[in-house]
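To start, the structure itself, in structure tokens.
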Amino acid sequence: MNLVKQIQDELKSRVEKACEQAREQGRLPYTELPSFVVEVPREKAHGDFAVNVAMLLARQARMAPARIAELIAGYLPCGDQLVKRVEIAGGGFINFFLEDDWLYLVPQAVWDAGDKWGTAPARGKRVQVEFVSANPTGDLHMGNARGGAIGDSLANILAAAGYEVQREYYVNDAGNQMELFAASLEARYLQEWGLAAEVPEGGYAGQDVLETVRRFIAAHGDRLLAESPATRRQRLASYALAEKLEYIRATLEEFGIRYDRWFSEQSLYDSGKVDEVVALLKQRGALYQRDGAWWFRAEGLGQEKDEVVIRSNGIPTYFAADIAYHVDKFERGFDLVIDVWGADHHGHVARMKAAMAVLGIDPERLQVILMQLVRLYRGGEIVRMSKRTGTLVTLNELIEEVGKDAARFSFVMRSPDSHLDFDLELAKQQSMENPVFYAQYAHARVCSIMAQARMAGVRLQPPDEVDVRQLSEPAEKELLRKIADYPNEVVQAAESMSPHRISRYVLDIAGMFHSYYNHYRVLQAEPAVRAARLLLVETFRRTLKHALGLLGVSAPEKM
RNA sequence: GUCCCUGUAGCUCAGCAGGAUAGAGCAACGGACUUCUAAUCCGUAGGUCGGGGGUUCGAAUCCCUCCGGGGACGCCA
């Protein structure tokens, strides 16, 4: 049930009919009705909904927008149950002022929807969201944290908007980095037995690798000394990989994230999919040979540079595997595939889309959200993050220091496009820097009212037992209005792939509630009003809780 | 040099499939707790939307250009 959308559709069709009538009677000449919007004006004085069709018709009709608006308004029905009156203003806007009736349907709509409030009916579209996908060779850093918060919230929002959603983590368990990782492990292993060995240049020299090796030794001793280097590396790598993955899985779960699938890069090699896709690219003439390597022809498809797919040593690059991976995603039947990447991968986007196009997949079906990088501060001083030299602040520490709710909210509050400066000191010292508490507090306040009501023997009555029209204060109507907007907000956040829209909404509606709370008493009101207010406050609470849930933030009953 | 992001109140940011008088939080100042949680509320102050062109009924929003900030340009991933 989406009341706002129903009304917008109704108004739109009324305007369309009015235009047609005016045209038929020869008073409004136009050949094609431009696509116009029924929007909510920023100013309340401009009514509940505004339509801009008159301005858009001005050129075709060769009339002043204000005159067109007057003309159209003359054909609009009003004074009925929905529309109280219509005004022309601002040089051609048609402003609709509605009767309040529809607002009083809101509590019932929320009740009827139950758990489904805020969600849209299934649209029969499958979406995959792949995010974080950090190399399983180290810790999770702030960039991964941001990606996790954005990706997971987006997945929640898409699901609420009616998509069938799958969350996936791409495990880079193959390729160069993995080999370096294995070589680093081996070096540490040999060193532990007093043998001469060195962590290769650009390898993993961090403490965590050493600790992993020590745990391996505790479990398996010196058995690998007798093995061939290749076997030794393979054993160490698979041990470390399993350990790292479990660590990553557990950390992300603490961050409120659960994946539906962990997809192994290595499996693409094992199944021959990488070779297959390379062969297909060759067959399509998308590759050419130069200096002994095979290059993907990306020039001309944007200004990106060409990219190596097969090295001159015959080993495919990660790009080859990544193409195979994306082909595999589409073969699994997703209508839309969303990748959440760090901005440092931006050059990869056009190439990947180009590769999809060559392989006959509409590149529009692949959407990449590029997040700008997180800059970490501690008390005003910048902290550089690096995976190789040992991460400075891990996701674990972040959760520990500022908490899951505050961390997730902070990341999802800002657009992925924004360069995020995250100050740890600020985040934990000044709780007011975390607006998440503001929203959670609103929830706790409602819960407190409900608890008081129960103690006083006052029951929360369902909408059909309540005279909702007792909610006559402007603040109450505005709150109802905001609640009614919720399903639309979810759909818009999904369609624009902007989780931060939901955090905006959360803060807006929480603010409206706090203000209402300070101006009106719920329990001290006379019984009929009290019943209506209890109901209002409960519909608000359900909406807020759902919205927070989309962001992976809890809605505490007490604070 | 090429490409991506960005420039809006003192600070951090919304708004940008063009819409009417540009918003919020923090910081500042002044008020509101014997009353459902003051982690709250109310008020005041704060702006050449980086500069300049263009597109049109109308631009913070779209295009061009210049300037400032962040990032990417590897037979790494």
Side-chain angles (χ1 to χ4, degrees), chain A residues 35 37 39 41-43 45-46 50 52 54-56 58-59 64-66 89-93 95 133-135 137 172 174-178 180 202 265 290-295 302-305 307-319 321-322 342-350 370-373 375 387 413-421 423 426 430-435 437-438 440-442 444-453 455-456 495-496 500-501 503-504 507-508 510-511 513-525 530 533-534 537 558-559:
Chain A
S35 77
V37 292
E39 62 182 359
R42 200 168 42 222
E43 287 292 319
H46 297 142
N52 65 343
M55 287 91 139
L56 300 174
R59 175 170 288 203
F93 283 102
N95 294 333
S133 298
N135 277 339
T137 51
N172 297 112
N176 235 329
Q177 290 304 319
M178 211 56 214
L180 263 177
E265 179 184 3
R290 189 175 75 204
D291 304 331
W294 286 91
W295 296 72
Q303 295 168 339
E304 295 300 319
K305 288 179 184 169
E307 179 81 3
V308 171
V309 174
I310 306 285
R311 301 186 185 95
S312 50
N313 63 8
I315 298 172
T317 62
Y318 92 108
F319 182 43
D322 226 8
D344 51 343
H345 288 67
H346 95 263
H348 192 44
V349 177
L370 285 177
M371 313 174 288
Q372 299 303 310
L373 302 183
R375 248 187 319 182
K387 221 165 174 193
M413 205 167 53
R414 294 184 174 95
S415 150
D417 287 339
S418 74
H419 304 262
L420 180 56
D421 291 338
D423 194 314
L426 225 60
Q430 292 173 274
S431 59
M432 279 321 296
E433 284 290 316
N434 292 314
F437 297 120
Y438 181 84
Q440 289 181 318
Y441 186 49
R445 275 182 149 175
V446 177
C447 291
S448 178
I449 293 173
M450 292 301 161
Q452 298 268 340
M455 276 194 287
E495 282 171 359
S496 59
H500 69 279
R501 290 183 70 128
S503 63
R504 268 295 126 188
L507 293 176
D508 280 355
F513 168 77
H514 281 308
S515 175
Y516 177 67
Y517 179 94
N518 272 274
H519 286 95
Y520 301 95
R521 301 270 117 189
V522 174
L523 298 176
Q524 276 80 1
R530 182 181 64 197
R533 288 183 176 173
L534 267 177
V537 144
K558 273 186 191 163
M559 285 179 77

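Every chain is numbered from 1 and lettered A, B, ... according to where its sequence line falls, protein lines coming before strand lines.
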When the distance from [atom1] of [X] to [atom2] of [N] is rounded to whole Å, what number comes out?
{"X": "A/His519", "N": "B/A38", "atom1": "NE2", "atom2": "P", "result": "14 Å"}
{"X": "A/Met178", "N": "B/C76", "atom1": "CE", "atom2": "P", "result": "18 Å"}
{"X": "A/Asp344", "N": "B/C5", "atom1": "CG", "atom2": "P", "result": "15 Å"}
{"X": "A/Arg445", "N": "B/C36", "atom1": "CZ", "atom2": "P", "result": "10 Å"}
{"X": "A/His514", "N": "B/U40", "atom1": "NE2", "atom2": "P", "result": "7 Å"}
{"X": "A/His345", "N": "B/C73", "atom1": "NE2", "atom2": "P", "result": "9 Å"}
{"X": "A/His348", "N": "B/G74", "atom1": "NE2", "atom2": "C1'", "result": "14 Å"}

Legend entry - Chi-based syn or anti call at B/A32, which uses purine or pyrimidine torsion atoms and a 90° bound: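 That one's anti.
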Inset, instruction - Just label B/C13 as syn or anti from its O4'-C1'-N9-C4 or O4'-C1'-N1-C2 angle, using within 90° of 0 for syn. - result: anti
Between [options], which one does the side chain of [X] approach most closely?
{"X": "A/His500", "options": "B/A14, B/C4, B/C36", "result": "B/A14"}
{"X": "A/Gln372", "options": "B/U35, B/C5, B/A38", "result": "B/C5"}
{"X": "A/Ala50", "options": "B/C5, B/A77, B/A20", "result": "B/A20"}
{"X": "A/Thr317", "options": "B/C41, B/A77, B/A38", "result": "B/A77"}
{"X": "A/Val522", "options": "B/C57, B/A20, B/C36", "result": "B/C36"}
{"X": "A/Arg414", "options": "B/C57, B/A77, B/A14", "result": "B/A14"}
{"X": "A/Arg59", "options": "B/U56, B/G15, B/C36", "result": "B/U56"}
{"X": "A/Glu265", "options": "B/C75, B/C3, B/A77", "result": "B/A77"}
{"X": "A/Phe93", "options": "B/C13, B/A20, B/U56", "result": "B/A20"}

N/O (side chain, [X]) to phosphate O (OP1/OP2, [N]) under 4.0 Å:
{"X": "A/Tyr517", "N": "B/C42", "answer": "no"}
{"X": "A/Arg504", "N": "B/C13", "answer": "no"}
{"X": "A/Asn518", "N": "B/C41", "answer": "no"}

Provide the distance between the two [atom1] atoms, one in [N] and one in [M], to the nearest whole Å.
{"N": "B/C4", "M": "B/U40", "atom1": "P", "value": "42 Å"}
{"N": "B/G70", "M": "B/A28", "atom1": "P", "value": "30 Å"}
{"N": "B/A60", "M": "B/G23", "atom1": "P", "value": "13 Å"}
{"N": "B/G31", "M": "B/G47", "atom1": "C1'", "value": "26 Å"}

Legend entry - Given RNA chain B, 5'-ward residue of the pair A/Ala510 and A/His419, judged by closest heavy atom: A/His419
Legend entry - Contact nearer the 5' end of RNA chain B, comparing A/Arg290 with A/Ser418: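 Nearest-nucleotide comparison on RNA chain B picks A/Ser418.
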If pairing requires Watson-Crick or G-U wobble contacts with both distances under 3.5 Å, which nucleotide is the partner of [N]?
{"N": "B/G18", "answer": "none"}
{"N": "B/G7", "answer": "B/C67"}
{"N": "B/G43", "answer": "B/C29"}
{"N": "B/C73", "answer": "B/G1"}
{"N": "B/C36", "answer": "none"}
{"N": "B/C62", "answer": "B/G54"}
{"N": "B/G23", "answer": "B/C13"}

Legend entry - A/His46 over B/A20, stacked by centroid distance under 5.5 Å, angle under 30°: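 Here the ring of A/His46 and the base of B/A20 are stacked, with centres under 5.5 Å and planes under 30°.
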Legend entry - A/Asp291 side chain vs A/Ala293 backbone, donor-acceptor pair below 3.5 Å: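 Looks like no, no N/O pair under 3.5 Å.
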Inset, instruction - Establish whether the base of B/C41 is bridged to the side chain of A/Ser515 by a donor-acceptor pair shorter than 3.5 Å. - result: no
Inset, instruction - If the plane angle is over 60° it's perpendicular, under 30° parallel, otherwise tilted; pick one for A/His345 and A/His348. - result: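 Correct class here is perpendicular.
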